[in-house]
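Everything on this sheet refers to the single structure shown next.
So you know, we letter chains A, B, ... as the sequences are listed, proteins then strands, and number each from 1. Because the structure is predicted, anything quoted here is derived from the model rather than measured.
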Amino acid sequence: MSHYDPLKIEEKWQKRWEEEQPFAAKDNDNRPKMFLAEMFPYPSGAGLHVGHVRNFSIVDCLARFYAQNEVNVLRPFGYDTFGLPAENYAIKTGIAPQEVTKTNIDNFRKQAWRLGYAIDWSREINTSDPEYYKWTQWCFLQLFKKGLAYQAESYQWWCPVDKTVLANEQVENGCCWRCGHEVEKKKMKQWFFKITAYADELLEEIDSLDWPEKIKTMQKNWIGRSEGAEIVFEIDGHKEKLTVFTTRPDTLFGATFMVLAPESEIIKKIVSKDAKEAVEAYCKAAIKKSEIERQENKEKTGVFTGAYAINPANGAKIPIWVADYVLSGYGTGAIMAVPAHDDRDHEFAEKFDLPIIKVIEKPLGSTDDSECYHGEGEIVNSEQFNGQDSADVREAMVAWLEERGIGHKKVTYRMRDWLISRQRYWGCPIPIAYDKNGKAHAIPEDQLPVMLPKIDDYKPDESGRSALAKSEEFMKVTIDGEEMTRETDTLDGYACSSWYLWRYTDPHNKKAAWDKKKVNYWAPTDIYCGGDHAVAHLLYVRFWCKFFADEGYLDFREPIKKLLYNGYINAPDGKKMSKSKGNVIDPLDVINQGYGADTLRTYELFIGPYNMDAAWSTEAIGGVYRFLNRCWTLCFDKKHATKDVNIVIRNKTIKKVTDDIRRANFNTAVAALMEYVNELYKTGACDEDLAILAKLLKPFAPHLASEMLESLKSDDVWPQYEAKYLKADTVEVVVQVNGKLRARLAVPVEDVEDNAKLEELAKADEKVKTFTDGKQIIKTIVVAKSHLVNIVVK
RNA sequence: GGGCGAGUGGCGGAAUUGGUAUACGCGGCAGACUUAAAAUCUGCUUCCUUUACCGGAUUAUGGGUUCGAGUCCCAUCUCGCCCACCA
């Protein structure tokens, strides 16, 4: 007598899949296509994680399901390999990131094989492969040529000792996290992608996407479109003018002071002699303050510049202040303060004793009892606008300003342009060189890729540039006979992942990033699955898609039709798995201890709704193993029945599993298969029962299902249910009295549609009678579709 | 502070359009097999009352709409996530 031996079965089928390559997608095919992908992983040294397994298993279940439904499926795989961990490891050990990455990829690939994924391995990609990043550089150049990749000065955290830029999180109490020296905010020239050029389209098309609402809302908030006006203020005794952005031009008469961000250039020009020292000290301190500090202490601070602006509405002289609650990166970095109707301005005015003028009357009966009213209402204290509604004045005021040439409508976005230069070695080199005058030139396309040179020391040095600057050979380049110096910054890793979905459609193309015909056949990606990057990556791909559509390289403007956002798998204690806590579950351990890949995959899909976080349970996985073991036993260790008695439940199961997979309700699909197997254990399974079971099981447990199908001599074509077999001979009809369940009637299927008959049967039932006798029946509701009768009595 | 989402047995969860609440699994209990244990198989398992039947209660709390509410509406409480001085 043999037994279910998952490791043996899995080895057999994995070997066969390697030989036969049954998952290769066909570029020319008349069948409907389906392009599915997970967010490609960063191949860390730790190897595959149970979170990867959940993510990949969702995609695999769908890929196999559609393949069994005779759809031409593209299910590729790749690695997002540039990034800090490999570089830090290189700095520590001297081992080249290229080598570490290769080792890690080999390990990841081997582990993914052990899970039996239906991947088209001929399309594997790796973002740090020169064959790949050549085309990342090509993408950059397209953006550069259109002015959408540009350089600009912006404030960065800078450590004068380490001579390097620091991330906000690397600044602790105003000091460098490494050396402890005070950091400065330094203006540095950096590369940006002009994502804001697509802000409106990125916002408008969100609603049309089949994406989780949560992600859509996050993207909308991130883009943060605000409609309002820009208004120009004269400065008393100066030529300079001050432009502010406001969403409430209707409150202009209530503007009693102005506030500038500490970074504003104009401060130097307008500050009075008396105020100069205090203003300079304030600005220096404010600019030094970290974001973290700003969050901790939100009490308003600021200083008066000694200068006055003229309120264009009423000619009033109003003081100009500097305060760090005004952000330099948003709007114009300057505001008109309306303390009567804005909380922040109100708090500031109270603290510094500035005038507060009410210009909107709270409507009678308003329940808003805050000191400072933000709603709509009748305009007051505003001369010719008095008596009108604030919403109308918002328009009228802008028209009035426009007539005088001192204001206009304006839309502002919270989203900033995407800073993409990094002073790091292990990234895609930016294909730019500088001439003697410092002007940036594109590296000609025939000189791509700009290869990342092999170097010995990966540590950033005194120059403040990436380690690339140390390679003299790298630095020198000749363009059109002119000697130039290369850019030493590399691209943010998100640039590499902004186009990889299209590379999958044509991964070995040496002449182009992708072939137009192939990309337009396969893409947009039909189903994309991941559990991270709600805003950044998923916004950047959308941005590049729109750009390349505008350039004629793509025939679609949205890259991802349906997004499945899967939840995390946490440790059994509900906490995040982490090495330091020692609560990490290694998927390979789970397989090797005897459960096998089929159990692991099925368990991770059964653990709960795919989009919710779940805690690993070492007991519950045993239940899934038992289920697969029962499947195996039915097929290989029990006598098959000769009579077919399970037609109804079989057809119901086909319908349920099919519908559930289409809805991504993987957990209930598995539950339906368990019910089916429980029933087969009671009644006995015939060959037809088993073949259907194996076919439905294959997307979850492909090795076991293949083994079953082989022994049953069956193909794996997805079964169709027959509607006529979904109903048994008799149907259970429930009878309620006043909404309470009182009886269950077995009604012949032909009588179920007959309302009068159902009512008659219900009223004649003995048990029902005990609740209706002696009472007046007011009405009877018969819902044939729900198999339900409700008798209302008094 | 703002936005979004969620609260169902001992636990993970199911209930697809307002129509039989608690599917499926874990855990627990009992039984079969076994010298014994594991494995496997069978049955029971929301709570209260009851040997059992019957009955009653129950989807965070309180109210509402409806013949009928886990599902819709209002209020309250709790938890989670995201954003956070965005003018």
Side-chain angles (χ1 to χ4, degrees), chain A residues 3 212-222 224-226 228 244-248 251 255 259 261 291 294-295 297-300 323-338 341-345 347-348 412-416 534-535 567 572 574 603 606-609 611-624 626-627 629-630 633 637 656 659-660 663 665 667-678 681-682 732-744 767 770 778-793:
Chain A
H3 66 286
E213 285 306 317
K214 193 177 94 181
I215 308 291
K216 295 210 264 187
T217 309
M218 279 169 73
Q219 293 214 349
K220 281 182 195 171
N221 293 341
W222 182 267
R225 185 188 148 101
S226 289
V244 301
F245 171 75
T246 177
T247 52
R248 296 298 299 268
T251 63
V259 187
E291 301 288 327
R294 284 194 181 190
Q295 274 174 32
N297 184 13
K298 278 195 181 167
E299 180 151 350
K300 295 282 176 291
D324 67 357
Y325 82 91
V326 172
L327 308 174
S328 64
Y330 184 75
T332 62
I335 61 155
M336 63 177 214
V338 184
H341 305 289
D342 180 282
D343 285 326
R344 296 149 303 179
D345 299 344
E347 196 190 328
F348 195 83
T412 293
Y413 302 91
R414 220 184 67 94
M415 180 172 69
R416 317 283 156 83
V535 175
Y603 170 64
F606 181 63
I607 197 167
N611 55 353
M612 304 275 273
D613 289 354
W616 186 271
S617 160
T618 32
E619 288 95 29
I621 190 171
V624 173
R626 279 192 279 278
F627 159 64
N629 190 23
R630 281 158 75 88
T633 304
D637 201 34
K656 173 82 178 148
D659 292 350
D660 278 352
R663 283 192 301 257
N665 290 354
N667 54 332
T668 51
V670 175
L673 288 169
M674 287 172 167
E675 282 184 80
Y676 180 48
V677 166
N678 290 345
Y681 251 71
K682 283 178 206 152
E732 189 182 78
V733 171
V734 296
V735 184
Q736 301 177 330
V737 178
N738 285 351
K740 284 203 171 154
L741 181 86
R742 295 302 181 190
R744 298 166 192 273
K767 209 175 260 146
T770 64
I778 299 166
K779 63 171 150 179
T780 307
I781 287 134
V782 182
V783 190
K785 213 177 68 184
S786 308
H787 307 156
L788 178 140
V789 179
N790 188 13
I791 302 167
V792 187
V793 299

So what does A/I607 hit on the nucleic acid, given a heavy-atom distance under 4.0 Å: a base, only sugar-phosphate, or nothing? sugar-phosphate

Which nucleotide, in any strand shown, forms a Watson-Crick or G-U wobble pair with B/rU59, with both distances under 3.5 Å? none

Do side-chain atoms of A/N790 reach the backbone of A/G739 as a donor and acceptor pair under 3.5 angstrom? yes

A/Y681 side chain: which of B/rA87, B/rC41, B/rG13 is closest? B/rC41

Assign A/A671 to base, sugar-phosphate, or nothing according to its heavy-atom contacts below 4.0 angstrom with the strands shown. base

Using purine N1 to pyrimidine N3 plus N6-O4 or O6-N4 for Watson-Crick, or N1-O2 and O6-N3 for G-U wobble, each under 3.5 Å, what pairs with B/rU22? none

Glycosidic conformation of B/rG56, taking syn as within 90° of 0 and anti otherwise: anti

A/N678 side chain to A/R630 side chain, donor-acceptor N/O pair below 3.5 angstrom: yes

Measure from CG on A/L741 to P on B/rA57 and round the result to the nearest Å. 13 Å

Report yes if a side-chain nitrogen or oxygen of A/Y325 is closer than 4.0 Å to either non-bridging phosphate oxygen (OP1 or OP2) of B/rA87; otherwise report no. no

Roughly how many Å is it from CG in A/L788 to C1' in B/rA21, rounded to a whole number? 14 Å

Complementary nucleotide for B/rC4 - Watson-Crick or wobble, under 3.5 Å: B/rG80

Hey, are the side chains of A/V735 and A/R742 touching, using non-hydrogen atoms and a 4.5 Å cut-off? no

Residue matched to B/rU51 through Watson-Crick or wobble contacts both under 3.5 angstrom: none

If the cut-off is 4.0 Å, is A/N667 near the phosphate of B/rG25, judged by side-chain N/O to OP1 or OP2? no

Write down the distance between CG (A/N678) and C1' (B/rC41), rounded to a whole number of angstrom. 12 Å

Specify the separation, in whole Å, of atom OH of A/Y676 and atom C1' of B/rA23. 18 Å

What's the closest nucleotide to the A/Q736 side chain, out of B/rG25, B/rG13, B/rG19? B/rG19

Could you let me know what B/rU66 is paired to, Watson-Crick or G-U wobble, both distances under 3.5 Å, or none if it's on its own? none

Is the backbone of A/R248 close enough, under 3.5 Å, to the side chain of A/T251 for a donor and an acceptor to pair up by distance? yes

State whether the side chain of A/N665 and the backbone N or O of A/T668 hold a donor-acceptor pair below 3.5 Å, judged by distance alone. no

May I ask you to evaluate whether A/R626 reaches the phosphate of B/rG27, defined as a side-chain N or O under 4.0 Å from OP1 or OP2? yes

Counting Watson-Crick and G-U wobble pairs only, both distances under 3.5 Å, name the nucleotide matched with B/rC29, or none. B/rG43

Ignoring the backbone of A/E675, work out which of B/rA15, B/rC24, B/rU20 is nearest its side chain. B/rC24

Whole angstrom value for the distance that separates C1' of B/rG55 from NZ of A/K767: 11 Å

Could you give the distance separating B/rU17 and B/rC81 at their C1' atoms, to the nearest angstrom? 30 Å

For A/M218 and B/rA84, what is the distance between atoms CE and P respectively, to the nearest whole Å? 10 Å

Cation-pi check, A/K300 to A/F348: give yes when NZ or CZ is under 6.0 Å from the six-membered ring centre and within 45° of the ring axis, no otherwise. no

Watson-Crick or G-U wobble mate for B/rA87, both contacts under 3.5 Å: none

Below 3.5 Å is the cut-off: list the nitrogen or oxygen pairs between protein and nucleotides 4-11 of chain B, distance only.
none

Hey, does the side chain of A/N738 reach the backbone of A/V793 with a donor-acceptor pair shorter than 3.5 angstrom? yes

Round to the nearest Å and state the distance from A/L327 atom CG to B/rC83 atom C1'. 14 Å

Just wondering, do A/Y603 and A/F627 contact through their side chains at under 4.5 Å, heavy atoms? no

Which of the following nucleotides, B/rU40, B/rG25, B/rA87, is nearest to the side chain of A/N629? B/rU40

Is any side-chain N or O of A/R630 closer than 4.0 Å to OP1 or OP2 of B/rC24? no

Students often get this wrong, so: under 4.0 angstrom with heavy atoms, is A/S226 touching a base, only sugar-phosphate, or nothing? sugar-phosphate

So do A/K656 and A/Y676 actually touch side chain to side chain, heavy atoms under 4.5 Å? no

Please check the phosphate of B/rA69 (OP1 and OP2 only) for any side-chain N or O of A/K740 closer than 4.0 Å. no

Taken to the nearest whole Å, CG/A/D660 to P/B/rA23 is 17 Å

When you measure from the side chain of A/N790, which nucleotide among B/rA87, B/rG19, B/rG12 comes out closest? B/rG19

Do A/Y325 and A/I335 touch side chain to side chain, with heavy atoms closer than 4.5 Å? yes

A/P609 vs A/R248, nearer the 5' end of RNA chain B by closest nucleotide: A/P609

Side chain of A/I781 only, please: which of B/rU20, B/rA87, B/rG19 is the nearest? B/rG19

Pairing nucleotide - B/rU17, Watson-Crick or G-U, each distance under 3.5 Å: none

Quick one: on RNA chain B, does A/T668 or A/K779 contact a more 5' nucleotide (nearest heavy atom)? A/T668

When the P atoms of B/rA57 and B/rG70 are considered, how many whole Å apart are they? 13 Å

Minimum-distance nucleotide (side-chain atoms of A/R742 versus B/rG56, B/rC85, B/rG3): B/rG56

